[in-house]
There are 2 protein chains.
Amino acid sequence: MKLEKTFGETVKKLREERGLPLREVAEALQIDTSMLGKIEKNNRKPTKQHIEKFASYFKVSEKDLMISFLSDTVVYQVMDEEDLSTEILKVAEEKVKYIINQKTATQ
Amino acid sequence: MKLEKTFGETVKKLREERGLPLREVAEALQIDTSMLGKIEKNNRKPTKQHIEKFASYFKVSEKDLMISFLSDTVVYQVMDEEDLSTEILKVAEEKVKYIINQKTATQ
DNA sequence: TTCATTTTGGACTACTTCAGTCCAAAGATA
DNA sequence: TATCTTTGGACTGAAGTAGTCCAAAATGAA
């Protein structure tokens, strides 16, 4: 699975590789066809349940899909301040490391 | 300025270093005292305008405050999936690099 | 202790955002 | 042509959020 792609592009490709129409996938996953179309176009966010359904339906790693989606949301957030984006991510990484360290240190 | 601290902790320290009560800073910045207290406790998000005011009032770098705040929000987001957080940030960084590259390449 | 001031947090309102649905138009295919 | 798929606008109800106000709790000084 290519992670450079957005979540929507990833899901769309999975569907098209299998030659399936939106309607059929939407029906199988019990979501509205229009919703699915919007998710593929990144106009609607998938819920965690959606991601679970995608993973099991397309037989791909749920973890990878999660990473694909959540990294999208992070990118979207930091691109508001494009010139600071790289620095923001670096600081965020340090903070995450710090937090995880704190946790394991006190267990 | 230490960036490991949260935005709220950073602002609180700036205020306490100067020995000022919430009331006085809030008044100068034209925000509700209770709001300021909540921002210091990370119970309310500052707006961009708030951050500008903090920077000019305390005479610190607006950019650093921005990074402090936005990295907090990123951390908050990825810690929802703690075990994936580091990977999410790595992928996000790649995507940001890719996007910025695309942009400069086509200019 | 008492009094004054600061800090905290609950409750509320108004506003915004967003998931999800439905439908109709546009596009594609045969 | 007719049929199926894709797209997006419009809407609703729910959830989230900024900001305000007030009162209780905490702090500190005399």
Side-chain angles (χ1 to χ4, degrees), chain A residues 5-55 57-58 62 65-66 68-81, chain B residues 5-55 57-58 62 65-66 68-81:
Chain A
K5 284 203 299 291
T6 64
F7 180 80
E9 287 165 352
T10 302
V11 172
K12 184 173 188 179
K13 196 175 172 215
L14 287 169
R15 178 176 61 83
E16 290 182 337
E17 278 171 356
R18 288 156 177 78
L20 302 168
L22 282 169
R23 179 192 48 75
E24 192 174 330
V25 176
E27 200 175 325
L29 270 54
Q30 306 240 57
I31 64 178
D32 186 81
T33 304
S34 184
M35 259 296 273
L36 181 56
K38 283 163 190 166
I39 290 173
E40 287 191 353
K41 290 183 136 21
N42 301 304
N43 291 333
R44 282 285 190 285
K45 286 184 187 174
T47 64
K48 201 166 175 182
Q49 285 71 38
H50 287 150
I51 294 178
E52 286 165 12
K53 286 178 177 178
F54 284 131
Y57 182 77
F58 290 123
E62 185 184 327
L65 282 185
M66 260 326 257
S68 171
F69 168 61
L70 288 175
S71 61
D72 273 7
T73 70
V74 168
V75 169
Y76 179 77
Q77 228 186 68
V78 300
M79 290 310 278
D80 247 27
E81 297 285 326
Chain B
K5 283 204 300 291
T6 63
F7 179 81
E9 287 165 351
T10 301
V11 172
K12 183 173 188 179
K13 195 175 171 216
L14 286 170
R15 178 176 62 81
E16 290 183 336
E17 279 171 354
R18 290 157 176 77
L20 301 168
L22 283 169
R23 179 190 49 76
E24 192 175 331
V25 176
E27 200 175 324
L29 270 53
Q30 306 239 57
I31 65 178
D32 187 80
T33 304
S34 183
M35 260 296 272
L36 180 56
K38 283 163 189 166
I39 289 173
E40 287 191 353
K41 290 182 136 21
N42 300 304
N43 291 333
R44 280 287 190 284
K45 286 184 187 176
T47 64
K48 203 168 174 181
Q49 285 71 37
H50 288 149
I51 293 177
E52 286 164 11
K53 286 178 179 180
F54 284 132
Y57 182 77
F58 291 123
E62 186 183 327
L65 283 185
M66 256 333 254
S68 171
F69 169 60
L70 288 175
S71 61
D72 273 7
T73 70
V74 168
V75 168
Y76 179 76
Q77 228 185 69
V78 300
M79 289 311 278
D80 248 26
E81 297 285 327

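Chain naming here is simple, since letters A, B, ... match the order of the sequence lines and numbering starts at 1 in each.
- Between the side chain of B/Ser34 and the base of D/dG19, no donor-acceptor pair under 3.5 Å is found.
- Heavy atoms from other residues, nucleotides or ligands lying under 6.0 Å from NZ of B/Lys53 number more than 12.
- Put simply, CD1 on A/Ile39 is 15 Å from P on D/dT6, counting in whole angstrom units.
- Note: CD (B/Glu27) to P (C/dT5) measures 13 Å, nearest angstrom.
- For the pair A/Lys41 NZ and D/dT6 P, the computed distance is 10 Å after rounding to whole Å.
- Nearer to the 5' terminus of DNA chain C, by closest-nucleotide assignment, is the contact made by B/Asn43 (compared with the other of A/Asn43 and B/Asn43).
- For C/dG20, one of the phosphate oxygens OP1 or OP2 lies less than 4.0 angstrom from a side-chain nitrogen or oxygen of A/His50.
- Look at B/Arg15 and you'll find a side-chain N or O under 4.0 angstrom from OP1 or OP2 of C/dT7.
- Comparing D/dG19, C/dT21, C/dA11 by their closest approach to the side chain of B/Lys38 singles out C/dA11.
- Atom NZ in A/Lys48 sits 5.0 Å away from atom CE in A/Met66 (nearest 0.5 Å).
- B/Arg44 comes within 4.0 angstrom of a base, heavy atoms only.
- To the nearest angstrom, C1' of D/dA18 lies 6 Å from CE of B/Met35.
- Taking atom CG on B/Asp32 and atom C1' on D/dC21, their separation rounds to 8 Å, with Å as the unit.
- Contact between A/Ser68 and A/Thr10 at its shortest, heavy atoms only, is OG-OG1, 4.0 Å.
- Counted within 6.0 Å of CD on B/Glu27, heavy atoms from surrounding residues, nucleotides or ligands total 12 or fewer; the atom is thus considered open.
- Atom OH in B/Tyr76 sits roughly 11 Å away from atom C1' in D/dG16 (whole-Å rounding).
- The side chain of A/Pro21 has D/dT6 as its nearest neighbour among D/dT6, D/dG8, D/dG19.
- When the P atom of D/dG16 is taken as reference, atom NZ of A/Lys45 falls 13 Å away, rounded to whole Å.
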Decide side-chain contact (heavy atoms from CB on, under 4.5 Å) for A/Phe69 and A/Phe54; before the verdict, give the C-alpha distance in whole Å, the side-chain angles of both, and the deciding distance to 0.1 Å. CA-CA 12 Å; A/Phe69 168 61; A/Phe54 284 131; over 6 Å; no
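- Separating the CG atom of A/Leu22 from the C1' atom of D/dT5 is a distance of 7 Å, rounded to the nearest angstrom.
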